[in-house]
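As structure tokens, the structure follows; a few thoughts come after it.
By convention here, the first residue in the shown sequence is residue 1. Indexing begins at 1, ligand by ligand and atom by atom, following the structure's order. All values below come from the heavy atoms of this structure, side chains included, with hydrogens, waters and symmetry mates left out. The shown structure was predicted, so the numbers you read here are calculated from the model rather than taken from an experiment.
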Amino acid sequence: MNDDTLQARFDRQHAASRTQPAPDAAARRDALARLRQLIVGNVDAIAAAISADFGQRSKTETELLEVGPTLNAIRHASKSLAGWMKPQRRGIEITFQPGRAWVRHEPLGVVGIMAPWNYPLILTLAPLADALAAGNRALLKPSELTPRFSELLQRLVAEHFAADQVTVVVGDVPVAKAFSALPFDHLLFTGSTHVGREVMRAAAENLTPVTLELGGKSPAIICPDYSIDAAARSIAFGKWLNAGQTCIAPDYVLVPAASLDAFIAAALAQARSAYPEPAANADYTSIISERHHARLTAALEEAEAAGATVHRHSDAAATSEMGEGAGRMAPAIVVGAPDDSVLMREEIFGPILPVVPYRDLDEALAIVNSRERPLALYCFTGDKRAETRVLDGAISGGVTVNGTLLHIAQDNLPFGGIGPSGMGAYHGRDGFLRFSHARAVYKVGAINVFERLGPPWGRLARMVSQLMLRR
Ligand code: NAD
């Protein structure tokens, strides 16, 4: 048999997971230490590969948004996993006394991890850290749109891990399809809602449980009491990092109608100061592919043709003029995009920011609730009651209040979507639990009262049953 086929690689891990005992805390920490070493020893090569795959992405941005948070996740898991692994004592009903009950969190076995291209390091290795902390083996499938990074990751993982513990599979969509059809013990998929449906369908054939980390249109609501300048700064930060190619980037903004002009001016000023020349600026990321560039350009043109006003970063940097050669698209703000336009219907995943004016908070919440439940929601307010109204009034996967993106960076918070933006969550303890089986153990005490009742069922059994029914 060819040792290198997808099936052979899976089989090797599967066999090892069924024959070798669950790794203890020290072995898990050792795996995490190797993962850490894989990253810290290769930061330059990782950042260079990602930048080459995009066309351009700043090394600092890769360090701040991918390398740093992944190392945090590894550190947090390493430090905490012995505590997470401790069996949890559970209470026992009087009828089953004497006895003991507890829950053991045990490895699931072989975990599949499928990642998109937008943050290729953290979206493969942060789930891997959680899977290793929970004592699993894993096959990783990075995106075909980041071929340089994916090849590098494959080589680095092979250098740091035995293939029966962690291995990387590269390839395009047919390989991804075959990957999602493997009978994993758990499959974590990060990517689009559309592909998520296909992945879940393939996993269902094997009864493989899935965690789906999907996308959606994440709104930002600026409440009337909040400083427009401060909100614009945060929203510009969250929107134009990685040129808007961020799953939890604010997709569109709801602004009090009276502050519409002030918001546009403040957000454009932020964009101009952060990226003075988007076509050449080393801190501004390119659009990942010509197809995505064309998709974004078409969406902008469609809205403009339908009467929307487009506020561009600057005349010279008009999006269409930057063209595919540059691979860049300048920040743009759109007002008046019709509800049925692509910009208001689909996840944008690029540097275009629609702004929607609202009259009162009820209207803003109604606009959010008329769409599918988003992955993230941002609320800007200093008023506790407005904050509660927004949190109670619109459900999302996660929330940052008075900022953008940062809930994802909290190791003690679960990260995940709801409904079409995903199911299940990971990160920190929640990731450990996601990749563990909560195994119930009941140990009979000195005497097994229940068995002593019969059969044949006699007077004592009838008394006990009457007692149970009456309680
Ligand atoms: P995508 O769904 O096109 O691809 C993701 C992965 O799926 C890739 O590895 C690809 O090889 C694989 N794939 C493609 N077609 C497949 C098929 N038919 N069957 C099985 N696998 C297939 O997503 P993308 O364009 O790489 O990423 C963008 C999307 O990801 C956006 O919607 C974004 O919101 C979402 N995203 C979500 C998160 C999150 O944590 N929730 C993070 C980043 C990105």
Side chains of residues 400-407: which donor-acceptor partners sit under 3.5 Å, not counting sequence neighbours?
| unit_1 | atom_1 | unit_2 | atom_2 | d |
| --- | --- | --- | --- | --- |
| Thr400 | OG1 | Leu406 | N | 3.4 |
| Thr400 | OG1 | His407 | N | 3.0 |
| Thr400 | OG1 | His407 | ND1 | 2.7 |
| Asn402 | OD1 | Thr381 | N | 2.8 |
| Asn402 | ND2 | Thr381 | O | 3.0 |
| Thr404 | OG1 | Ser234 | O | 3.0 |

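Between Arg312 and Glu304 there is a salt bridge, since at least one side-chain N of the basic residue sits less than 4.0 Å from a carboxylate O of the acidic one. Between Glu151 and Arg155, none of the side-chain N atoms (NZ, or NE/NH1/NH2) sits under 4.0 Å from a carboxylate O, so this pair counts as no salt bridge.
The side-chain hydrogen bond (donor to acceptor under 3.5 Å, both in side chains) analysis of residues 410-433, with sequence neighbours excluded, yields the pairs His76-Asn412. Pairs passing the side-chain hydrogen bond (donor to acceptor under 3.5 Å, both in side chains) check and including a residue from residues 164-181, sequence neighbours excluded, read Arg34-Gln165.
Counting heavy-atom neighbours within 6.0 Å of Glu372 CD, excluding the residue itself, gives a total of 12 or less.
Taking a heavy-atom cut-off of under 4.0 Å, ligand 1 is surrounded by Met114, Ala115, Pro116, Trp117, Asn118, Leu123, Lys141, Pro142, Ser143, Glu144, Val173, Ala176, Lys177, Ser180, Phe189, Thr190, Gly191, Ser192, Val195, Glu198, Val199, Glu213, Leu214, Gly215, Cys247, Glu347, Phe349, Leu375, Phe415.
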